[in-house]
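So the structure is just underneath, and the comments pick up after that.
Order of the sequence lines fixes the chain letters, A, B, ..., with proteins taken first and strands second; residue numbering starts at 1 for each chain.
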Amino acid sequence: MVSQQELIREARENGMELLPLEKDTYELFFGPQHMATENYSLILKMDGNRVVKAIANPGFLHRGFEKLAEYRPWYTNIALLLRICVPEPDVPEAIYSMAVDELMGWEIPERAQWIRTTVLEMARVSAYLFWTMGMAFKLGVYTAGQWAAAYRERFMVLFEQLTGARVYHIYTIPGGVRRDIPGDKWLRQLKDTVEYLKDKLKDFDNVLFENYITFKRLEGIGVMDKKFALEEGVTGPNLRAAGVRTDVRKLDPYLLYPELEFEVPVLREGDALARALIRRFELEQDLYILEQLLEMGLPSGPYKVEHAGFKALPRFKVPAGDAYAHVESSKGDFGAYVVSDGGNKPYRVQIRGPSIAHGIRVIEQLLVGARLADVPVILVSLDNCPPDIDR
Amino acid sequence: MNLEKEQMIVETILQKAPYAEGKVRRERRIEFRIPPDRIRDFLTLLKENNFESMMQITAVDWLKDGEIELVYQMWSYTHAIHAFVKTRIPRDVDKARAPSVRDIYPVAETYERDAHEFYKVTFEGNDKLEMPWILEDEDREAGVSHRKDFDMLGYVKKKYKLLDRFEEDKENYVI
């Protein structure tokens, strides 16, 4: 048995520093290799099995998108900014396009609005399925996770037919969308997929959301109250799980949402279970919205605005000014602030991802006192998405 | 378009804050301009007027004016209104200082760390500014920032030992 002193000495000789151990307290680097953290790391000060202090350590995904956007023409930025949110890339496209639309003073044709709304809702559904996969895997309910991944695949195929790409669609552009709907066959396929998934929700309930394991693992951990959530800038499903009835689609309606009917689910508990159940209810609402959109039918007309600047996109100019646009993504309030000085490139683009609030201060405070085994579950219950912290 | 609600809120706030300038931008968007020494007073006032949540602090580098514009993006769940609170501070690194608002909106701490890292704005009263944030130590020491006068292309070429594929004075040169 090697003594502690010897270990410390040996580490020093090899250029490392072992922190002094007092009883069971130790420092644990959680991530970035850990599955739950997704290229993001937490430094945990542990006392036995309990977290004493957590320090968020982001920056593994920093690619300087906001700076790069200042060097590129307006339309080229779409292919860049969507990489900020990996599971839901349509959201950064949509907010950037909406902000540019506002600067240009464009009214988007109805057909383009319909397509954008549908794409955003499809993105939400597939992001929730992706989240379900993550959550189920963390809880050890692998069957439900694999189902979710398989059903998400159906949406990926639909996206591929619509946009030509599976993950990064580069589809929503300022002024409308890049291509028209491929045809009635695609709409029928979307309808079938929505109906299919609706049937399968019951299976998810049986296996995951009404499962004894889920309740046992999630109930009462990572609790936040309403005041805390508002002050810490928590948005989206996490805020609704803490008892605030709010939704950007209702409060600051955009695209076709004023014409659509849907409910905003709210729970009061504010724990990980409430956050999981809220996402389950929202998935149902999103499928309902997609059904309504399909029932409404694709409006006729052009799918993007007519503008002389489209002939030479590198020289396309946007009038000076600034605009802020935000949408309700599956993770929360996703916003873009775009400043133009009248040139052919943006002067400043700032993307506000929900995780910059959830992933730093909120997680640091929620983790205090949690068991080590609950750390990944709390992280996933917040639906933390590190790329939008790092940008 | 009915802008009564927005007008009323702007008027109520301006009455209590005569140092500010305010206007209604459009439905659900209002804008205020304030002097930098009144940031704390003004944000306290906004919080009392049901602007519950701070969404972001954006720093915009206006190189020609020699100023950095801080835009506090505020969102009110009660009124469903987004408020831009704009203030301008000098651009020089020593003088780019603003008071921290993290005791009013705790989440501001994170945004201030972000603005400090990329725009070298010092927020007085925030002791977490020097903690490691997104950039690596090497980049931080080299003075990497998102300011307009930082030669990003030159730095990237030097760091990653890139060869020039295009001539730099070419007109449509993008990285």
Just give me the residue among B/Y77, B/F150, B/Y105 that pairs up with chain A most often, heavy atom to heavy atom, under 4.5 Å. B/Y77
When you look at B/M74 and B/M54, which way does the side chain to side chain contact (heavy atoms under 4.5 Å, CB included) test go after all the steps? CA-CA 5 Å; B/M74 315 297 297; B/M54 181 185 274; 3.9 Å; yes
Closest heavy-atom pair, A/W74 versus A/Y96, reported as atoms and distance to 0.1 Å, is O-OH, 2.9 Å
The interface call for A/P58 against chain B, heavy-atom contacts under 4.5 Å, is both
Just give me the residue among A/H326, A/K250, A/E66 that pairs up with chain B most often, heavy atom to heavy atom, under 4.5 Å. A/H326
Is A/F60 in contact with chain B via its backbone, its side chain, both, or neither, using a 4.5 Å heavy-atom distance? neither
Where does the angle between the aromatic ring planes of A/Y257 and A/Y254 fall among parallel (under 30°), tilted (30 to 60°) and perpendicular (over 60°)? perpendicular
Give the C-alpha distance, both sets of side-chain angles, the deciding distance and a yes or no for ring-ring contact (aromatic ring centres under 6.0 Å, His included) between B/F84 and A/Y337. CA-CA 10 Å; B/F84 303 89; A/Y337 182 63; 5.8 Å; yes
Checking B/K64 against chain A: side chain, backbone, both or neither under 4.5 Å from a heavy atom? neither
Out of curiosity, A/D101 CG to A/I108 CD1, how far, rounded to the nearest 0.5 Å? 3.5 Å
Among B/K86, B/E136, B/H79, which residue forms the greatest number of heavy-atom pairs with chain A at distances under 4.5 Å? B/K86
Can you tell which part of B/V144 gets under 4.5 Å to a heavy atom of chain A, answering side chain, backbone, both or neither? neither
Could you give the distance from CG (A/N238) to NZ (A/K331), rounded to the nearest 0.5 Å? 10.0 Å
So which residue, A/H62, A/R361, A/E102, ends up with the most heavy-atom pairs under 4.5 Å with chain B? A/R361
Under a 4.5 Å heavy-atom cut-off, does chain B meet the side chain of A/R245, its backbone, both or neither? neither
Under the criterion side chain to side chain contact (heavy atoms under 4.5 Å, CB included), I'd like the reasoning laid out for A/E88 against A/F334: C-alpha separation, chi angles, the key distance, then a yes or no. CA-CA 11 Å; A/E88 213 178 1; A/F334 226 111; 5.5 Å; no
Could you go through the side chain to side chain contact (heavy atoms under 4.5 Å, CB included) check for B/D127 and B/R102 one step at a time? CA-CA 10 Å; B/D127 57 5; B/R102 68 167 180 175; 3.1 Å; yes
For the residue pair B/S53 and A/L230, what are the closest heavy atoms and their distance? OG-O, 3.7 Å
Interface moiety of B/W133 toward chain A, non-hydrogen atoms closer than 4.5 Å: both
Between B/H82, B/E109, B/E31, the one whose heavy-atom pairs under 4.5 Å with chain A are most numerous: B/H82
Taking the side chain as everything from C-beta on, heavy atoms only, tell me whether B/Y72 gets closer than 4.5 Å to B/L46. no
How long is the straight-line distance from CG of B/N49 back to OG1 of B/T12, given to the nearest 0.5 Å? 6.5 Å
Stepwise side-chain hydrogen bond (donor to acceptor under 3.5 Å, both in side chains) check, A/Q365 with A/E232: CA-CA 10 Å; A/Q365 291 170 66; A/E232 294 289 355; 3.2 Å; yes
Residue among A/D341, A/D322, A/T76, A/V248 with most heavy-atom pairs under 4.5 Å to chain B: A/D322
Is it the backbone or the side chain of A/P386 that comes under 4.5 Å from a heavy atom of chain B, or both, or neither? neither
In Å, rounded to the nearest 0.5 Å, how long is the span from CG of A/L68 to CE of B/M152? 4.5 Å
A/I351 versus chain B, the contacting section by heavy-atom distance below 4.5 Å: backbone
Given heavy-atom pairs under 4.5 angstrom as the criterion, report whether the side chain, backbone, both or neither of B/P106 touches chain A. both
Could you check which of B/M131, B/K47, B/H146 has the highest count of heavy-atom pairs closer than 4.5 Å to chain A? B/H146
Pairing donors with acceptors under 3.5 angstrom, does anything connect the side chains of B/D139 and B/Y155? yes
Given a strict heavy-atom distance threshold of 4.5 Å, which part of B/L135 is in contact with chain A: side chain, backbone, both, or neither? side chain
A/I389, A/V234, A/D252: which one forms the most heavy-atom pairs within less than 4.5 Å of chain B? A/D252
Would you say CZ of A/R268 has more than 12 non-hydrogen atoms from neighbouring residues, nucleotides or ligands within 6.0 angstrom? no
Can you say whether A/E231 sits under 4.5 Å from chain B via the side chain, the backbone, both, or neither, judging by heavy atoms? both
Can you check whether anything in residues 110-120 of chain B gets within less than 4.5 Å of chain A, heavy-atom wise, and list it by number? B/T110, B/Y111, B/R113, B/D114, B/F118, B/Y119
